[in-house]
Amino acid sequence: MRVLLLEGIHPDAVTILEAAGATVETVGRALDEPALIAALDGVQLLGIRSKTEVTEAVLAEAHDLLAIGAFSIGTNQIDLDAAGARGIAVFNAPFSNTRSVVDLALAEIIAMTRRLTQKNADMHAGVWDKSAEGAHEIRGRNLGIVGYGNIGAQLSVLAESLGMRVLFYDTEDKLALGNARRCDTLDDLLETADVVTLHVDGRRGNSGMFGAAQFARMRPGAIFLNLSRGFVVDHRALREHIVTGHLSGAAVDVFPHEPAGRGDEFVSELRGLPNVILTPHIGGSTEEAQHGIGRYVAGKLRDYCRHGSTAMSVNLPHLALPARPGGRRIAHLHRNVPGVLAKINSLLAEHKVNIDRQLLETRGEYGYVLTDVGVDYPPEVIGSLAGMEETVRVRLVG
Ligand code: NAI
């Protein structure tokens, strides 16, 4: 098995894949389309972060590729439909940096509630101002979480353990953890919260969802955080509400336009404002998160190769069958139409292959079957399965 890991993926991923018997090549940067096509010749597994574009043109040439690991949360950089159509599984790391984002949000809530930004600036300017004015404990204050997904829910638990009262608003029905209270409307949350923090996902409909009307609804002196996506918030409106003093602080980690590289100028309406913490999209950037992402995604790639496991795949039906020593496993991905399982089993019967164990799962336009058979199966059965008109890909694993 040959693996290509791009963009400086954590060394733990290399260790895991090499331990599984793979030959791993690493490249510290992203590759453009022609370079990537050339580099994928003979490669079964590709690992990328956010800067490598895996386009339809790349996938059309990647004849040996079995799976792609996005060592990131997002998978926008991969043409998922084109990957699915070729039976290429895609995996990502949906929650390996959740805790890192939560840590940063909590640190910022405390820093702004104690006005540490101002105190720190004063001290560096030689000003000793030992006053309690405008500084509060976070205990007993209302935290309003907008978007109660992986990050929002984790923040809810930790904030409550620090004594905050948690409210949340989510467009989906979500289980309220601990003593958190669900709000039926965003306005209900905005009118009650001392701190409003956004953790919604990046779906298109969320563009500009938080603007002048929402800031106006927030309580006087409230604090605002956005560690989700930059395009969700109208920064001009945020600036106005900070300048007028309606909001007492803000922390922003994500921006509608982020500089392409290290050292490029950061341009924003929010620069130079008091009690505003600006960070360069580092919510999930910790060594622990990178380590977690490396281990998680490499493990998914290994298990897909070894056992055909698609658990938590981004684009294929989810299926995991425990390893069974002493047998072989046929992994069959097909178009999700009636009668495929019957056809597979008839073919196996025609070749006198006994089925030891079998599991089918479907998702959208694809169905996926794992079938465990004995080691003495006739090899031509794989060719027969590949020849079925519904077959997208068939592979022998285990
Ligand atoms: P998630 O998908 O688990 O949760 C998002 C939640 O927001 C879902 O429960 C969804 O129903 C809800 N939601 C979506 N639109 C909404 C709306 N308009 N109003 C109310 N609720 C809404 O996502 P996760 O993992 O918790 O991540 C949240 C955000 O954090 C994402 O945008 C992600 O890109 C971002 N993120 C930022 C990082 C950083 O470095 N700053 C690192 C990791 C994630």
Side-chain angles (χ1 to χ4, degrees), residues 7-10 48-51 70-77 92-113 116-117 138 143-162 164 166 168-170 193 195-203 206-207 209-210 223-235 238 247 249-262 264 266-271 273 275-297:
E7 303 186 61
I9 286 165
H10 196 279
I48 58 168
R49 292 173 72 185
S50 56
K51 297 215 157 39
F71 288 73
S72 59
I73 292 196
T75 50
N76 302 345
Q77 70 279 37
N92 69 338
F95 34 65
S96 298
N97 61 9
T98 299
R99 179 58 190 259
S100 303
V101 179
V102 171
D103 277 5
L104 184 62
L106 283 171
E108 292 177 334
I109 291 168
I110 295 173
M112 287 187 289
T113 307
L116 292 187
T117 53
I138 60 163
L143 172 64
I145 300 175
V146 182
Y148 206 65
N150 290 326
I151 294 173
Q154 173 89 250
L155 176 61
S156 171
V157 172
L158 293 192
E160 206 167 86
S161 74
L162 292 171
M164 298 193 84
V166 177
F168 71 89
Y169 171 70
D170 198 293
V195 179
V196 172
T197 183
L198 301 191
H199 300 287
V200 298
D201 56 60
R203 69 186 72 180
N206 281 341
S207 180
M209 66 159 278
F210 213 98
I223 281 170
F224 173 81
L225 290 91
N226 183 21
L227 292 92
S228 63
R229 293 293 187 95
F231 62 77
V232 166
V233 176
D234 177 348
H235 281 184
L238 173 56
L247 299 185
V252 182
D253 186 47
V254 286
F255 303 87
H257 306 288
E258 298 183 355
R262 205 178 243 188
D264 292 353
F266 163 65
V267 179
S268 167
E269 302 86 336
L270 303 178
R271 278 173 50 180
L273 296 179
N275 209 26
V276 171
I277 300 175
L278 301 178
T279 45
H281 203 145
I282 50 154
S285 305
T286 62
E287 292 187 13
E288 287 78 3
Q290 290 311 313
H291 173 77
I293 290 169
R295 286 176 58 85
Y296 183 90
V297 181

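The model shown is predicted, which means the values in this text are computed figures rather than measured ones.
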Completion exercise
Nearest heavy-atom contact between Ile145 and Gly152 is CD1-O, 3.4 Å
Practice task
Compare all side-chain heavy atoms of Phe266 with those of Arg271 and state whether any distance is below 4.5 angstrom.
Solution key: yes
Problem - Separation of Leu278 CG from Leu273 CG (nearest 0.5 Å) - result: 7.5 Å
Practice task
Applying side chain to side chain donor-acceptor pair (under 3.5 Å), name anything that partners Tyr148, two or more places apart in sequence or on another chain.
Solution key: Ser156
Exercise for the section: Measure from the side-chain N and O atoms of Glu160 to the backbone N and O of Val166, and report whether any donor-acceptor pair falls under 3.5 Å. Expected result: no
Problem - Leu238 side, atom CG; Leu270 side, atom CG - distance, nearest 0.5 Å - result: 5.0 Å
Handout entry: Sequence-distant partners of Asp103, side chain to side chain donor-acceptor pair (under 3.5 Å), two or more places apart
Key = Arg99
Practice task
Could you list the residues that satisfy side chain to side chain donor-acceptor pair (under 3.5 Å) with Ser207, not counting sequence neighbours?
Solution key: none
Completion exercise
In short, Gly284 meets Gln290 closest at the heavy-atom pair O-NE2, 4.3 Å
Problem - From CG (Asn92) to CD1 (Ile293), nearest 0.5 Å - result: 9.5 Å
Problem - Phe210 side chain near Leu198 side chain, heavy-atom distance below 4.5 Å - result: yes
Exercise for the section: To the nearest 0.5 Å, tell me how far Ile138 CD1 sits from Ile109 CD1. Expected result: 7.0 Å
Completion exercise
Applying side chain to side chain donor-acceptor pair (under 3.5 Å) to Arg229 and not counting sequence neighbours gives none
Fill in the blank from the handout: Tested for side chain to side chain contact (heavy atoms under 4.5 Å, CB included) against Thr197, the lone hit among Leu155, Leu106, Val146, Ile151 is Leu155
Handout entry: From CD1 (Ile73) to CG (Asp201), nearest 0.5 Å
Key = 11.0 Å
Handout entry: Validation row: Gln154, Asn150 side chains within 4.5 angstrom (heavy atoms)
Key = no
Give every donor-acceptor pair under 3.5 Å between a side-chain atom in residues 250-261 and any protein atom, sequence neighbours left out.
residue : atom : partner : partner atom : Å
Asp253  : OD1  : Thr279  : OG1          : 2.7
Asp253  : OD1  : His281  : N            : 3.1
Asp253  : OD1  : Ile282  : N            : 2.8
Asp253  : OD2  : Ile282  : N            : 3.2
Asp253  : OD2  : Gly283  : N            : 2.8
Glu258  : OE1  : His281  : ND1          : 2.9
Glu258  : OE2  : Phe255  : N            : 2.9
Glu258  : OE2  : His281  : ND1          : 3.1

Practice task
For Gly144 and Ala193, work out which heavy atoms get closest and say how close.
Solution key: N-CB, 3.7 Å
Problem - salt bridge (charged side-chain N to carboxylate O under 4.0 Å, His left out): pairs with one or both residues in residues 286-297, sequence neighbours excluded - result: none
